[in-house]
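Shown next, in structure tokens, is the structure this report addresses.
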Amino acid sequence: GSLIHHWFAATMIPGVTLDQVVAVSRAYHDYPTIFHPIVSAVVLSDDCGSLNVQFRMRESAAGMSATLDVTSRVMYGRPDARHAYVISSADEIHEVKDAGRPTERQLPAGRDSGYLWRAGAFTRFVEEGNAVYMEMETIGLSRPFPTMLGWMIEPIARRIGQRSVEQSVQEFRQAVVMRYAQRR
């Protein structure tokens with residue numbers, strides 16, 4: 001009865017190097033200005049390529065909205081000079097009730113809307129010529145939706161998941177171009 005979200009998007013970022021792209025990827029303090037749904041991003045720990053990062057995300061569609069606190073383990077790899085990858089896995093996902101209000105609180109896992117129960121993202125970067133090619137693949141799992149509301153919520157959840165990966169790749173591309181490509 002759960003819903004698996006599996007989405008893929010790719011882009012080419014002209015006029016930049018792999019080092020520049022990885023630098024933007026690791027600039028978590030800039031994420032709220034890069035990615036529309038991210039309200040805040042805080043690095044909790046950084047252990048030589050393996051980070052723990054907490055994100056607050058707000059997403060809305062069809063008159064429904066949710067705020068989530070997501071704590072993720074993020075690992076960076078650089079197998080050679082032309083390739084890099086990022087693997088992100090959510091360790092904890094909590095829906096936030098009354099976000100930004102004095103009554104704000106995290107809902108216990110399993111006692112929330114269930115929109116996002118588990119999540120992972122795999123991003124690959126390849127430098128080729130005077131450009132970097134980026135591919136992002138996301139996998140998410142939603143808990144079963146209430147029987148009477150599932151028919152309405154499931155299509156919204158699918159659209160949000162697909163839009164999210166496409167939008168993330170484009171927003172990241174734009175941030176890299178704005179930061180580096182115009183300097184050349």
Side-chain angles (χ1 to χ4, degrees), residues 4-61 65-91 93 115-116 118-140 156-184:
I4 297 172
H5 312 268
H6 184 197
W7 302 107
F8 177 87
T11 192
M12 184 217 21
I13 309 170
V16 297
T17 67
L18 184 57
D19 288 336
Q20 292 169 328
V21 170
V22 171
V24 172
S25 177
R26 291 185 67 101
Y28 290 99
H29 60 279
D30 291 335
Y31 274 34
T33 61
I34 295 172
F35 299 104
H36 172 72
I38 296 181
V39 176
S40 65
V42 177
V43 176
L44 303 174
S45 66
D46 185 349
D47 185 23
C48 299
S50 179
L51 298 95
N52 282 322
V53 183
Q54 184 173 36
F55 301 96
R56 172 154 290 184
M57 305 168 73
R58 185 170 299 127
E59 192 66 68
S60 298
S65 65
T67 300
L68 303 174
D69 282 342
V70 180
T71 303
S72 294
R73 187 171 350 134
V74 183
M75 293 170 282
Y76 283 82
R78 191 86 184 254
D80 58 47
R82 291 184 42 239
H83 298 86
Y85 62 87
V86 184
I87 300 171
S88 175
S89 176
D91 290 332
I93 301 174
Y115 167 67
L116 191 61
R118 295 286 184 259
F122 312 95
T123 306
R124 294 171 284 283
F125 302 108
V126 178
E127 184 173 353
E128 191 70 45
N130 193 30
V132 173
Y133 294 85
M134 173 187 182
E135 298 176 342
M136 178 183 278
E137 189 170 0
T138 62
I139 298 173
I156 295 168
R158 288 185 188 279
R159 281 195 305 274
I160 288 173
Q162 181 177 11
R163 186 184 75 213
S164 176
V165 72
E166 292 169 351
Q167 184 176 326
S168 293
V169 166
Q170 290 310 312
E171 289 172 340
F172 182 80
R173 180 186 189 281
Q174 181 179 350
V176 173
V177 168
M178 295 293 289
R179 186 166 177 185
Y180 291 112
Q182 294 179 351
R183 293 183 187 177
R184 290 184 171 203

Counting only heavy atoms not in Q174, do more than 12 fall under 6.0 Å of its CD?
no
Taking it one step at a time, do D91 and N52 satisfy side-chain contact (heavy atoms from CB on, under 4.5 Å)?
CA-CA 9 Å; D91 290 332; N52 282 322; 4.2 Å; yes
Which atom names give the shortest non-hydrogen contact between V16 and V132, and what distance separates them?
O-CG2, 3.8 Å
Heavy atoms only: give me the nearest A131-M12 pair and the separation to one decimal.
CB-SD, 3.7 Å
Output, in order, the C-alpha distance, side-chain angles, deciding distance and verdict of side-chain contact (heavy atoms from CB on, under 4.5 Å) for V24 and R179.
CA-CA 8 Å; V24 172; R179 186 166 177 185; 3.8 Å; yes
So, Y76 side chain and S25 main chain: donor-acceptor pair closer than 3.5 Å or not?
yes
For a 4.5 angstrom cut-off between non-hydrogen side-chain atoms, does M134 reach V21?
no
Please name all residues satisfying side-chain hydrogen bond (donor to acceptor under 3.5 Å, both in side chains) with T123, sequence neighbours left out, ordered by chain then number.
none
Under the rule for salt bridge (Lys or Arg N to Asp or Glu O under 4.0 Å), what residues qualify as partners of R124, not counting sequence neighbours?
E135, E137
Once salt bridge (Lys or Arg N to Asp or Glu O under 4.0 Å) is applied, do any residues pair with R56, and if so which ones, sequence neighbours excluded?
D69, E104
Just to verify, what does A23 make a side chain to side chain contact (heavy atoms under 4.5 Å, CB included) with, not counting sequence neighbours?
Y180
For H6 and I139 the tightest heavy-atom approach is CD2-CG1, 3.7 Å
Flag the pair V53 / Y31 as yes when at least one side-chain heavy-atom distance between them is below 4.5 Å, and no otherwise.
no
Taking only distance into account, with no hydrogens and no angle test, what donor-acceptor pairs under 3.5 Å do side-chain atoms of residues 33-41 form with protein atoms, sequence neighbours excluded?
from : atom 1 : to  : atom 2 : distance (Å)
T33  : OG1    : D30 : O      : 2.7

Would L68 and F55 count as a side-chain contact (heavy atoms from CB on, under 4.5 Å) if you check the C-alpha gap in whole Å, the side-chain angles of each, and the deciding distance to 0.1 Å?
CA-CA 8 Å; L68 303 174; F55 301 96; over 6 Å; no
Atom of A9, atom of V165 and distance for their closest heavy-atom approach
CB-O, 3.9 Å
Rounded distance [0.5 Å steps], OH in Y133 versus NE2 in H83
12.0 Å
Those residues that, when tested against T11, pass side-chain hydrogen bond (donor to acceptor under 3.5 Å, both in side chains) (two or more places apart)
R173
Output all residues satisfying side chain to side chain contact (heavy atoms under 4.5 Å, CB included) with S88, sequence neighbours left out; order by chain, then residue number.
S72, V74, A121
Point-to-point distance, once rounded to the nearest 0.5 Å, from OG1 of T138 to CZ of F8:
10.5 Å
Just grab all the salt bridge (charged side-chain N to carboxylate O under 4.0 Å, His left out) pairs involving residues 8-29, residues at least two apart or on different chains.
D19-R78, R26-D46
Partner residues of E127 under the side-chain hydrogen bond (donor to acceptor under 3.5 Å, both in side chains) criterion, sequence neighbours left out:
none
Listed partners of D47 passing side-chain hydrogen bond (donor to acceptor under 3.5 Å, both in side chains), at least two apart
none
Contacts of T71 meeting side chain to side chain contact (heavy atoms under 4.5 Å, CB included) (sequence neighbours excluded), chain-then-number -> L44, Q54, E92
